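Everything below concerns the one structure shown next.
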Amino acid sequence: MSSTATSSPKTFRVKSFGCQMNVYDGERMAELLAAEGMSAAGDGDDADLVVLNTCHIREKATEKVYSDIGRLRREDGSAPMIAVAGCVAQAEGEEIMTRAPSVKVVVGPQSYHRLPEMVAEAASGKRATETDMPAEAKFAALPKRRKSAPTAFLTVQEGCDKFCTYCVVPYTRGAEISRPFSDLVEEAKLLVAGGAREITLLGQNVNAWTGEDDKGRSIGLDGLARALAADPDLKRIRYTTSHPNDMTDGLIAAHGELEKLMPFLHPVQAGSDRVLKAMNRSHTADSYLKVLDRIRAARPDIALSGDFIVGFPGETDAEFEETLRLVDAVRYAQAFSFKYSARPGTPAATMPDHVPAAVMDERLQRLQAALNRDQLAFNQGSVGKTCEVLVERKGKHPGQWLGKSPWLQSVHFAGEAEIGQMVTVKLVEAGPNSLAGQLV
Ligand code: SAM
Ligand code: SF4
C-alpha cells in the first residue's frame with residue numbers, strides 16, 4: 001500500500017484506552033518515540049503523530065477507534081499521522097487500513113517496539129502494518145525506564161491460555177508468557193530510582209507468572225513480590241488481574257507476611273455455576289468463595305474487588321440472581337461490571353439465546369446498585385481508621401492533596417505533604433468514591 005510522503009513527525013501524543021496493560025504499553029511507546037528525539041505534545045496542542053492505543057474487549061471500545069480517527073481531522077481537512085496500536089490493531093488491522101485511509105501505521109500489542117521505524121516508513125510514504133506476536137522480542141528492544149510517577153505499572157506477564165468463551169484476549173495478546181525475573185527486578189529498580197513508590201505488577205493472568213530467581217530456583221508471583229519488597233524505597237506492591245485458579249498457597253501466604261503487598265484482589269464474572277461453566281471459567285462460585293476464605297484468613301483486612309459480566313448468552317433471571325447472591329456474600333470494596341458484548345471469533349458469540357439489550361440493562365443497573373451499596377459501606381467502615389496514604393498529586397482546592405489508602409481508596413487531605421511521600425492519615429469522612437482524611 002502506498003500514499004504520499006509526509007515530513008517526519010516531531011511531536012506525538014499517545015492515547016491509551018482500556019486496561020492498565022494498555023496504559024503500560026502507552027508509556028513504553030511514548031518512551032520509544034522520545035528516545036528517537038520526538039517530544040510529547042502539550043495538553044491541547046496539535047501533535048504531528050497520534051497513536052491510538054486501542055482496546056478490543058467490548059464492541060463499544062472498538063467502535064470508539066473509528067470515531068476517534070474521524071475526530072482527528074483538522075478544520076483545514078488535514079490530519080496528523082495516525083498510528084493504531086493495541087488489540088483492535090491486532091484483531092482488525094486489515095479492516096482499519098481499508099476503512100480508514102488516514103491511518104498510516106497499524107501495530108499490534110506484541111510488536112510496538114517497531115513503532116519508530118514504522119513511523120519513519122510512513123513518513124516516507126508507505127503504510128506500515130505489523131501484527132506478529134513475538135512478545136519476548138518487544139521487551140528486550142524497549143529503552144530503559146527513567147522517570148516515574150509515585151505509582152507505576154510493570155507488566156510481568158502477557159497473554160492468556162485460559163480461553164474464557166467470551167474473551168478476545170487469548171487471540172489479541174497471544175499465549176501466556178512470563179517476563180524473566182532479572183529483567184523485572186531491573187525494571188523495578190529503575191522505576192523506583194525514577195520516583196516510583198508503588199508498583200502494580202500487571203498481567204492478563206498476573207498470578208500465573210512463573211520464573212527463576214537469581215539462584216535458579218523456580219518461583220511464582222509471591223517470590224517475585226518478595227524480591228521486589230526487599231528494596232527499602234519501594235513502599236507498596238499491588239498486582240492485577242489475578243485468576244482464582246492461579247491463587248497459590250504461596251501467594252495467599254505472602255498476603256499474610258508481606259506488609260508491602262497491598263490487600264486487594266480481583267477476579268470472578270458470575271455467580272451461577274452453569275454460566276461459569278459456559279464461560280469456561282474453570283472455577284465454581286463455591287471454589288471461588290473458598291479461595292476468598294483462605295485469603296481472608298491470611299489477611300483479615302483484605303479488600304476485595306471483582307469483574308462481572310451480566311447477560312452472558314443463556315443467562316436466566318434465576319442465574320443472574322445467583323450473581324447478586326454472590327455479591328451479597330462477598331461484600332466487595334470495589335468492582336467492575338459490564339454487559340456481555342459478543343466478540344467476533346469467540347465461542348460465546350455463536351452460542352444460542354443471546355440476552356436482549358433491555359434485560360442486560362436492567363440486570364446491570366441492579367448489579368451496580370448492589371456494588372455501589374457495598375463500596376459505600378466499605379468506605380464508611382474505614383472511617384476512624386488511621387492508615388498510610390501514598391501522595392499522588394495536588395487536589396483541586398488550595399493546600400489539598402490526593403493519594404491512595406492501602407485498600408486503593410482515593411483519600412484527600414490538607415496540610416504539609418509532597419508528591420511521592422507516605423503520610424499517616426486518619427480517615428474522617430466517607431463518600432461513595434473517596435474519603436476525607438486528616439494528617440496525624
Ligand atoms: N484476566 C482477567 C480475568 O480473568 O478476570 C480479565 C481480563 S479482561 C481484559 C477484563 C474484564 O473484561 C474481564 O474480567 C471481563 O469482566 C470483561 N470482559 C471480557 N470480555 C468481555 C466481553 N466479551 N463482554 C463483556 N465484558 C467482557
Ligand atoms: Fe480473558 Fe479469561 Fe484470559 Fe481473563 S482469564 S484474559 S477473561 S480469557
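Keep in mind the model is a prediction, meaning the values are calculated, not measured. All ligand and atom numbering here is 1-based and tracks the order in the structure. In this chain, residues are counted from 1 in sequence order.
When hydrogens are left out, the protein atom nearest atom 23 (N) of ligand 1 is S341 O, 2.8 Å; that is the closest non-hydrogen contact. Atom 19 (C) of ligand 1 has as its closest protein heavy atom I57 CG1, 3.4 Å. In terms of protein heavy-atom proximity, atom 17 (C) of ligand 1 is nearest to R58 NH1, 3.4 Å. Of the protein's non-hydrogen atoms, T241 CG2, 3.5 Å is the one closest to atom 2 (C) of ligand 1. Ranking the protein heavy atoms by distance from atom 14 (O) of ligand 1 puts D307 OD2, 2.5 Å first.
Both the backbone and the side chain of Y166 come within 4.0 Å of ligand 1, judged by heavy-atom distances. Of all the heavy atoms of I309, the ones lying under 4.0 Å from any atom of ligand 1 belong exclusively to the side chain. Residue R281 touches ligand 1 through its side chain alone, judged by heavy-atom distances below 4.0 Å. The residue T241 has no part lying near ligand 2, judged by heavy-atom distances below 4.0 Å.
Between the side chain of R299 and the backbone N or O of H255, at least one donor-acceptor pair lies under 3.5 Å. Judged purely by atom type and a 3.5 angstrom limit, R238 uses its side chain to pair as donor or acceptor with the backbone of P406. Under a 3.5 Å cut-off, the side chain of T165 and the backbone N or O of A278 do form a donor-acceptor pair. Judged purely by atom type and a 3.5 angstrom limit, W209 has no side-chain atom pairing as donor or acceptor with the backbone of D222.
Under a 4.0 Å N-O distance rule, the pair E388/R236 does not qualify as a salt bridge. A salt bridge links R28 to E31: at least one charged side-chain nitrogen sits closer than 4.0 Å to a carboxylate oxygen. A salt bridge does not link K235 with E198: every distance from a Lys NZ or Arg NE/NH1/NH2 to an Asp or Glu carboxylate oxygen is 4.0 Å or more. Electrostatic pairing of E158 and K138 counts as a salt bridge here, judged by a charged N lying under 4.0 Å from a carboxylate O.
In summary, the side chains of D132 and S111 do not present any donor paired with an acceptor at a separation below 3.5 Å, with no hydrogens or angles considered.
For ligand 2 and H243, the ligand atoms under 4.0 Å from any heavy atom of the residue are 5 (S). Counting atoms of ligand 1 from 1 in the listed order, those under 4.0 Å from a heavy atom of Q204 are 1 (N), 2 (C), 7 (C), 9 (C). Those atoms of ligand 1 that come under 4.0 Å of a heavy atom in R343, given as number and element, are 23 (N).
Atom CD of E429 has 12 or fewer neighbouring heavy atoms from other residues, nucleotides or ligands inside a 6.0 Å radius. The number of heavy-atom neighbours closer than 6.0 Å to CZ of R373, taken from other residues, nucleotides and ligands shown, is above 12. For K189, the NZ atom sits in a loose shell: 12 or fewer heavy atoms of surrounding residues, nucleotides or ligands are nearer than 6.0 Å.
Taking a 4.0 Å cut-off on heavy atoms, R281 registers as neighbouring ligand 2. Contact annotation: K339 has at least one heavy atom less than 4.0 Å from an atom of ligand 1.
Protein atoms that are N, O or S and lie under 2.8 Å from atom 1 (Fe) of ligand 2 are these: C167 SG.
The N/O atoms of Q269, backbone and side chain alike, include one that comes under 3.5 Å of an N/O atom in ligand 1.
Annotation: cation-pi geometry satisfied between R99 and Y66 (NZ/CZ under 6.0 angstrom from ring centroid, within 45° of ring axis).
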